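Okay, so here's the structure we're looking at.
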Amino acid sequence: MTSPTATLLISCPDQKGLVAKIANFIYSNGGNIIHADQHTDFSAGLFLTRIEWQLEGFNLPREIIGPAFNAIAQPLQAHWKLHFSDATPRIAIWVSKQDHCLFDLIWRQRSGEFHADIPLILSNHEDLRPIANQFNIDYHYLPITKDTKATQEAKQLQLLQHYQIDLVVLAKYMQILSSEFIANFPTVINIHHSFLPAFAGANPYHRAYERGVKIIGATAHYATADLDEGPIIEQDVVRVSHRDSVDDLIRKGKDLERVVLARAVRLHLQNRVLVYGNRTVVFE
């Protein structure tokens, strides 16, 4: 689509007339709705919706849309976010030593699959600097120890501000982010194997092999102060058998991590994920 659009992600207490009120805001200002999806979580008593409309012919300037909609949202006790399709998000990819997710994300961005810029790669190791050099992306090496964690996280936050980063993607970054960091920069997507909470820690595929698991998987989620327990965006699994070696499990696991992380990043960039509590609604 060449014509720019606006998208509202909205959650509010469920009540009658919500669809009409939101749609009428767009209609009364000359907007043409092109996508609309909704979900009601009856257990939480919440109405959740994603609505997208063309900006061509819309009567309100962009800077006025938010304040104008807020006048409607406040009486509804609504939480909402407004996005524009022609804005280009800026992504920072964080890595340690594994390169499979890093290569995949860069390839998808360079091929035009992701509408985003990747100006920054950050790592606690030097191993992947040649990849950054290959693609002309700035690479910052910030080693982390227990004693230096707070200082290094302050530098990380400074870099995110300097590069005007909108989204951090932990592409197999093998460090735990502190609750203080998450409080200052909450928009972080992480990827890991789906054995958790089983086989936590080092060598999970070796221990899964020893247990004779029949399914392996990957999970992409938003990072929170609770390790690996943030709102889930995307997951997938693949079956394995007694014929698969540890190397086979690792290979299949990496394939899943690439695909699942890419799906999660794409859904986020397309403003299709609405977080409420520790859950998500994904409008595909």
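All values derive from a computational prediction rather than experimental measurement. Residue numbers start at 1 and run along the sequence shown.
The line from CZ of Arg272 to CG of Leu9 is 10.0 Å long, rounded to the nearest 0.5 Å. Ile72 CD1 to Phe25 CZ: the interatomic distance, rounded to the nearest 0.5 Å, is 5.5 Å. Here the CH2 atom belonging to Trp53 is positioned 4.5 Å from the CD1 atom belonging to Ile26, to the nearest 0.5 angstrom. From Ser178, atom OG reaches atom CG of Asn184 across 8.5 Å, with rounding to the nearest 0.5 Å. In this structure, CD1 on Ile137 lies 11.5 Å from CG on Leu128, to the nearest 0.5 angstrom. We find the CD1-CD1 distance between Ile165 and Ile91 to be 8.5 Å, quoted to the nearest 0.5 Å.
Applying the ring pair (Phe, Tyr, Trp, His ring centres under 6.0 Å) definition to pairs two or more places apart or across chains, those involving residues 117-154 are His140-Tyr163. For the salt bridge (charged side-chain N to carboxylate O under 4.0 Å, His left out) condition, the pairs that include at least one residue of residues 34-50, sequence neighbours left out, are Asp41-Arg279, Arg50-Glu52. Among residues at least two apart or in separate chains, ring pair (Phe, Tyr, Trp, His ring centres under 6.0 Å) pairs with a member in residues 251-284 are Tyr222-His268.
Side chains of Ile51 and Ile33 form a contact here, defined as non-hydrogen atoms less than 4.5 Å apart. Two residues are said to be in side-chain contact when any heavy atoms from C-beta on lie closer than 4.5 Å; Lys155 and Leu159 fail this criterion. Between Tyr205 and Arg251, the closest side-chain pair of non-hydrogen atoms is not below 4.5 Å.
Take Asp14 and apply the side chain to side chain donor-acceptor pair (under 3.5 Å) test, not counting sequence neighbours, and it matches no residue. With sequence neighbours left out, Ser96 forms a side chain to side chain donor-acceptor pair (under 3.5 Å) with Asn124. Here Asn70 pairs with Trp80 under the side chain to side chain donor-acceptor pair (under 3.5 Å) rule; sequence neighbours left out. Shown here are the salt bridge (charged side-chain N to carboxylate O under 4.0 Å, His left out) partners of Lys149, two or more places apart in sequence or in another chain: Glu153. Here Asn29 pairs with nothing under the side chain to side chain donor-acceptor pair (under 3.5 Å) rule; sequence neighbours left out.
Checking side-chain atoms of Gln15 against main-chain N and O of Pro13 turns up a donor-acceptor pair under 3.5 Å. In this structure, Ser28 contributes its side chain and Asn24 its backbone to a donor-acceptor pair below 3.5 Å. Thr7 places no side-chain N or O within 3.5 Å of a backbone atom of His83 that could act as its donor or acceptor partner. Looking only at distances, no side-chain donor or acceptor of Thr280 sits under 3.5 Å from a matching main-chain atom of Leu274. Of the possible polar contacts, none joining the Thr148 side chain to the Thr151 backbone as a donor-acceptor pair under 3.5 Å is found. Between the Glu257 side chain and the Cys101 main chain, no donor and acceptor come within less than 3.5 Å of each other. Under the 3.5 Å distance criterion, the side-chain polar atoms of Ser241 are matched with a main-chain donor or acceptor of Arg243. A donor-acceptor pair is defined here as one N or O able to donate and one able to accept, closer than 3.5 Å; no such pair exists between the side chain of Glu234 and the backbone of Thr219. Proximity of a side-chain donor or acceptor of Lys172 to a complementary backbone N or O of Leu170 within less than 3.5 Å is not detected. Under the 3.5 Å distance criterion, the side-chain polar atoms of Asn278 are matched with a main-chain donor or acceptor of Glu229.
Counting all heavy atoms, side chain and backbone alike, Ile191 lies closest to Ala218 at CD1-CB, 4.2 Å. When all heavy atoms are compared, the tightest approach of Val275 to Pro231 is CG1-CG, 3.8 Å. Closest of all the heavy-atom pairs between Ile144 and Gln156 is CD1-NE2, 3.8 Å. Nearest approach of Leu82 to Gly66, heavy atoms of both residues: CD2-N, 3.9 Å. Scanning all heavy atoms of the two residues, the minimum distance from Leu167 to Phe185 falls at N-CZ, 4.1 Å. Residues Pro186 and Ala183 come closest through the heavy atom pair CD-O, 4.5 Å.
Between Trp94 and Phe181, the ring center distance clears the sub-6.0 Å criterion.
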Exercise. What's the verdict on side chain to side chain contact (heavy atoms under 4.5 Å, CB included) for Ile121 and Leu102, showing C-alpha distance, side-chain angles and the deciding distance?
Worked result: CA-CA 9 Å; Ile121 297 171; Leu102 175 61; 3.8 Å; yes
For this session: Report the C-alpha distance between Glu126 and Arg129 in whole Å, list the side-chain angles of each, state the deciding distance to 0.1 Å, and finish with yes or no for salt bridge (Lys or Arg N to Asp or Glu O under 4.0 Å).
Result: CA-CA 6 Å; Glu126 284 280 16; Arg129 183 181 292 274; 2.7 Å; yes
Exercise. Can you list the steps and then say if Leu160 with Val168 is a side chain to side chain contact (heavy atoms under 4.5 Å, CB included)?
Worked result: CA-CA 9 Å; Leu160 296 182; Val168 167; 3.7 Å; yes
Exercise. Run the salt bridge (Lys or Arg N to Asp or Glu O under 4.0 Å) check on Arg62 and Asp86 step by step: do they pass?
Worked result: CA-CA 12 Å; Arg62 296 191 188 202; Asp86 53 359; 2.7 Å; yes
For this session: Let me see the working for Lys252 and Leu256 under side chain to side chain contact (heavy atoms under 4.5 Å, CB included), right down to the final yes or no.
Result: CA-CA 6 Å; Lys252 291 181 178 182; Leu256 282 176; 5.8 Å; no
For this session: Show the numbers, then the answer: is there a side chain to side chain contact (heavy atoms under 4.5 Å, CB included) between Thr40 and Leu48?
Result: CA-CA 6 Å; Thr40 301; Leu48 308 108; over 6 Å; no
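Connectivity analysis of hydrophobic side chains (ILVMFWY, heavy atoms under 4.5 Å, direct or indirect) links Phe42 to nothing; its cluster partners are none. Clustering of Ile, Leu, Val, Met, Phe, Trp and Tyr by side-chain heavy atoms under 4.5 Å joins Val237 with Ile215. In the hydrophobic clustering, where aliphatic and aromatic side chains (Ile, Leu, Val, Met, Phe, Trp, Tyr) are joined below 4.5 Å either directly or transitively, Val259 stands alone. Its side chain outside the 4.5 Å cluster rule for every partner, Trp107 clusters with none of the Ile, Leu, Val, Met, Phe, Trp and Tyr residues.
When hydrophobic clusters are built by joining Ile, Leu, Val, Met, Phe, Trp and Tyr residues whose side-chain heavy atoms come closer than 4.5 Å, directly or via intermediates, Val281 is not grouped with Phe47. There is no path of hydrophobic side-chain contacts, each under 4.5 Å, that joins Tyr173 to Val169. Both Phe69 and Leu76 are members of a single hydrophobic cluster when ILVMFWY side chains are connected at heavy-atom separations under 4.5 Å. Hydrophobic clustering of Ile, Leu, Val, Met, Phe, Trp and Tyr side chains at less than 4.5 Å, counting indirect connections, keeps Ile189 apart from Ile182. A single hydrophobic cluster is not seen to contain both Ile131 and Leu142; linkage of ILVMFWY side chains at heavy-atom distances under 4.5 Å, directly or through other members, places them apart.
In this structure, Glu113 places its CD atom where more than 12 heavy-atom neighbours from other residues, nucleotides or ligands lie under 6.0 Å away. By the neighbour-count criterion of 12 heavy atoms within 6.0 Å, atom NE2 of His115 is densely surrounded, having more than that number from other residues, nucleotides or ligands. No more than 12 heavy atoms of other residues, nucleotides or ligands shown are found within 6.0 angstrom of CG on Asn136.
Using a 4.0 Å cut-off between charged side-chain N and carboxylate O, Asp104 and Arg108 make a salt bridge.
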